[in-house]
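Below is one structure, written out as C-alpha cells; the observations come after it.
Positions are given from 1 along the sequence. Only a predicted model underlies this, so the values are computations on that prediction, with no experimental measurement involved.
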Amino acid sequence: MPPGNGRNVNKFFLTEEEKANRPKVTGALLKRVFSYLVPYWKQMVIVLGCIVLSSVLSLLPSVLTGQIIDRGLIDRNLNMLITLILLSLGVTLAANLIRVAESYLNNWIAQHITYDMRNKMFRHLQQMSQSFFTSNNQGDIITRMTSDIAGVERVITNTFTSILSNAITLVAAVVIMYRENWILATVGAMVIPLFLIPTRWAGKTRWTLTREAQECNDQINGILNETLSVSGQLLVKLFGREDYEYNRYKDVNERMIRLNIRESMAGRWGAVIINTFSSVGPMLLYLVGGILMMQYDADLSVGDVTVLVALLGRMYGPVNSLLNIQVEWIRSMALFTRIFAYFDMPIEIQNAEDAVIPAKAEGSVAFDHVGFSYDGERTILKDVSFQLDSGKCIAIVGPSGSGKSTMIHLIPRLYDVSEGRVTFDGIDVRQLDLKFLRDNIGIVSQETYLFHGTIRENLLYAKPDATEAELIEACKKANIYELIEKQQEGLDAVVGNRGLKLSGGEKQRIAIARVLLKEPALLIFDEATASLDSISENKIQEAIDPIIDSRTSILIAHRLSTILAADEILVVKDGQIVERGVHSELVKAGGTYTELYETQFRKALDAE
C-alpha cells in the first residue's frame, strides 16, 4: 500500500515561516553536521551495510514470487514450490532481522550524538553571561535544549537513513524491473506521476486543516496554562470566573474537534483517490503484459508479470518519499542551524589563561572609575569609584533604576565592566579564577529562588558536605531554625515549587542560611527585606544585624536601621555616586539622600 494515509502530512510542505527562514546549505554547514557522526563512523559503516543488505533482500521475495508461480504452481512441482516458499520466508526473515540490527545501531548512534549535543549545549549555556539570560526568551533557550536537540535524533534515525534506504530500494527495483522486461518497466514508470498528484493534493488539504488544528491546540494550551497554574487558578476563583473559563475552553475544544473530523475525512477521501490511482499501474502492467504474451508471443511468463507488478508497488513509497525529501532536508538543516547559532554565541565571561587563585580571601572590594553598559549604547554606570576594606560594611542607596544592583553584579562577574576595573582583594576580578571569586561572594537577593525539594536539599546546594550541626547553626544565624523545629519533617520538610509552601520572609531566611553555609569573604544583601511585611522584615533584620558585624558586607536597603549599621553610605543616582558619607552628614546635605530620607526611610522608621 503506498504511503500518504498517515496523519503526518505536514512533512510534505513547508510553512511560510520555514520558507522565509530557509537556511543556506553550504559545505561548511554540512561538514559541521557530519562532524558529529565522525566519532561513530565504524557504527555508521555497519548501519550503511545493513541498509544496503536489507533493501536488496526485501525485494527478493517479489522476485521469488515469479519463480513460485512459474516453476512451482504452473509446472506443478511441489518440491520446488516448497523450496521457493521456504527460501522466500527465509529471505524475508533475514531482511527483518537485519532491519532490527540496523534500527538498534541507528538509534544507538542518534542517542549518543544527542547525548553529546545536550552536554555541550548545557555546558555552553552555563558559561554564558547573565546578559544572555536577561535578553533571550527563556522558552527559546529551553526549546534549544529539548525540542531542537531531540529533533536531531529524528534527523539521524529518519531523514538520513530514509534517504539511503529509499534510494537503494528504488535503484534496485528499477534495475530488476528492466532486467525482467524493459517495456513493462517503462509502462510502470509512466504510471507513477498519476499516484503522486493526488497524494500531494490530499496532503496539502490535510496540512491546511492540521495547521488550523495546531493553532486551536495552542489556544487550548494557553487557556490551560493560564487557568490551571497556581496563580491563575487562584485568580479565577477570586473573581468567580469558572463558568467563563469553562465556556472559553469548551468553544475552542469544540472547534478543535470539528477540525480533527474534517482532517480525518480529508484523509479518507484522499485515500480513495490514491488507492484508485495506485491500482492503475498493476492493471496496465497486466494489460500490456497480456498483449505481449498473447498477441506478440513475447518471452514473458505469468510469473514475470507478477514480479513486475510487485516491484512497481514497492517503488511507490521510495519515489514519493524522495520527491518530498527536500522538505525534510530543509527542516533538518534549519534545525542544525538553530543549534549551531547558540553554539556560536561567544562566551563573554571566561577565566583568564593565567587566572589567579589566592591562598585566602579577605573580601575587600574597590571600584576604579567603573563604567558599564548592557548594550554598548545606554550607559548604566558612569565613573563609579569607591573602596570597601575587609571587615567593613557599606550601604548603597538610591532611587529605583539608579544602577545599585548592577554595581554588585559586577563584583562576581555576572557582567564585565565596560570601563575601569573592579578589584577583589586588590586583584582585578577579570584576572581571578571565576570559581574562587564566586565561592567567596555570597548574595542574598530580593527575588529568592528555592528549588522544589526539602529545606535540607536547598541548604546543601551551597555546601554539599555540610554536617547536620553546620546546617542547624546556619539556620539559627538566619533566624529560621525555630520555624524548622516546628515542622514535623524538620529540615526534610518540602518547600514546594519555587518555595511556594513558605512565606516570603521564610524563603528569604532560608536563602540567608544557604549563603552563610558558603562562608563567603564578602556578603551582599540586595534589597533582602523589600516587599515583606513588618514582622518578616524584623525577623530578617534580626538575622542580618549580627552577620554584618562579623564580616565584609554590602547592603542595598530601604530600611534606615540597616543603613545606619554601615560604615559608609553611597548614594547612587543615574548610574553615578552623587553623595557619600554617614547618615548624620548626608541627611543635612539637602541632596538626594535627604529626599530619600524624607520620602522612604522616615516612613519606614515611623512604621516601626
query: Asp465: what forms a side-chain hydrogen bond (donor to acceptor under 3.5 Å, both in side chains) with it, not counting sequence neighbours?
result: none
- prompt: Hey, are Tyr178 and Thr186 close enough side-chain-wise for a donor-acceptor pair under 3.5 Å?
  reply: yes
field: Test item: Asp433 side-chain N/O and Ile357 main-chain N/O as donor-acceptor pair under 3.5 Å
entry: no
- line: Of all heavy-atom pairs linking Ile443 and Val515, the shortest is O-CG2, 3.6 Å
field: Smallest separation among heavy atoms of Val429 and Arg413, with atom names
entry: O-CD, 3.3 Å
- prompt: Restricting to pairs with a member in residues 156-183, which pass salt bridge (Lys or Arg N to Asp or Glu O under 4.0 Å), not counting sequence neighbours?
  reply: none
- request: Provide the closest heavy-atom pair for Val91 versus Leu60 in the form atom of the first, atom of the second, distance.
  value: CG1-CB, 3.8 Å
- prompt: Quick one: CG on Asp148 to CZ on Arg118, what's the gap to the nearest 0.5 Å?
  reply: 11.0 Å
message: Over 60° means perpendicular and under 30° means parallel, so tell me whether His409 and Tyr415 are parallel, tilted or perpendicular.
response: tilted
task: Might you confirm whether atom CH2 of Trp41 has over 12 heavy atoms from other residues, nucleotides or ligands at distances under 6.0 Å?
output: no
field: Exceeds 12 heavy-atom contacts within 6.0 angstrom, atom OH of Tyr104
entry: no
message: Within the structure provided, determine whether Leu224 and Tyr249 are in side-chain contact (heavy-atom separation under 4.5 Å).
response: yes
message: Here's one to test your reading of the geometry: is the NZ or CZ of Arg32 within 45 degrees of the ring axis of Phe336 and under 6.0 Å from its centre?
response: no
- request: Could you grab the distance from atom CD1 of Ile168 to atom OG of Ser54, nearest 0.5 Å is fine?
  value: 8.0 Å
query: Parallel under 30°, tilted from 30 to 60°, perpendicular over 60°: which one fits the rings of Tyr461 and Phe451?
result: tilted
- line: Tested for side-chain contact (heavy atoms from CB on, under 4.5 Å) against Leu87, the lone hit among Thr92, Ile68, Leu64 is Leu64
- prompt: Is the shortest heavy-atom distance from the side chain of Arg71 to the side chain of Asn77 under 4.5 Å?
  reply: no
- prompt: Testing Thr83, Leu89, Ile82 for side-chain contact (heavy atoms from CB on, under 4.5 Å) with Ile85, which one passes?
  reply: Leu89
message: If you count every heavy atom of other residues, nucleotides or ligands that lies below 6.0 Å from Phe343 atom CZ, does the total exceed 12?
response: yes
- request: Can you measure from NZ (Lys31) to OG1 (Thr26) and round to the nearest 0.5 angstrom?
  value: 11.5 Å
message: What verdict does the side chain to side chain contact (heavy atoms under 4.5 Å, CB included) test give for Leu37 and Tyr40, after you've listed the backbone C-alpha separation in whole Å, the side-chain angles of each residue and the deciding distance to 0.1 Å?
response: CA-CA 5 Å; Leu37 296 172; Tyr40 308 104; 5.9 Å; no
- line: Note: Cys50 and Ile98 closest approach over all heavy atoms is O-CG2, 3.4 Å
statement: In terms of heavy-atom contacts, Ala94 and Leu57 come closest through CB-CD1, 4.3 Å
Check: Gln431 and Asp428 side chains under 4.5 Å, non-hydrogen atoms: yes
query: Is there side-chain contact between Gln43 and His112, with heavy atoms separated by less than 4.5 Å?
result: no
From OG1 (Thr306) to CG (Leu285), nearest 0.5 Å: 10.5 Å
message: Taking the side chain as everything from C-beta on, heavy atoms only, tell me whether Val417 gets closer than 4.5 Å to Arg430.
response: yes
- prompt: Are Asp439 and Lys435 ion-paired here, with the side-chain N under 4.0 Å from a carboxylate O?
  reply: yes
- prompt: Under the side chain to side chain contact (heavy atoms under 4.5 Å, CB included) criterion, do Thr454 and Glu489 qualify, and how do the steps go?
  reply: CA-CA 9 Å; Thr454 64; Glu489 301 89 353; over 6 Å; no
- line: Residues Gly442 and Pro520: closest non-hydrogen pair is N-CB, 3.4 Å
- prompt: How about Leu125 and Tyr342: do any of their side-chain heavy atoms sit closer than 4.5 Å?
  reply: yes
query: side-chain hydrogen bond (donor to acceptor under 3.5 Å, both in side chains) with Asn458: which residues, sequence neighbours excluded?
result: none
query: Which of these passes side-chain contact (heavy atoms from CB on, under 4.5 Å) with Ser55: Asn166, Leu164, Thr169, Leu170?
result: Thr169
- prompt: Are any non-hydrogen side-chain atoms of Glu102 and Ser165 less than 4.5 angstrom apart?
  reply: no
field: Verdict with reasoning, Arg255 to Gln219, per side chain to side chain contact (heavy atoms under 4.5 Å, CB included)
entry: CA-CA 11 Å; Arg255 182 174 169 231; Gln219 286 182 284; 3.5 Å; yes
message: Do Arg514 and Leu450 have side chains that approach each other closer than 4.5 Å (heavy atoms only, starting at C-beta)?
response: yes
message: Using the rule given for side chain to side chain donor-acceptor pair (under 3.5 Å), can you reason through Asn181 versus Asp304, listing the C-alpha separation, both sets of side-chain angles and the distance that settles it, and then say yes or no?
response: CA-CA 8 Å; Asn181 187 283; Asp304 293 336; over 6 Å; no
- request: Could you give me the CA-CA distance, side-chain angles and deciding distance for Leu84 and Met80, then say whether side chain to side chain contact (heavy atoms under 4.5 Å, CB included) is met?
  value: CA-CA 6 Å; Leu84 290 171; Met80 181 60 68; 3.7 Å; yes
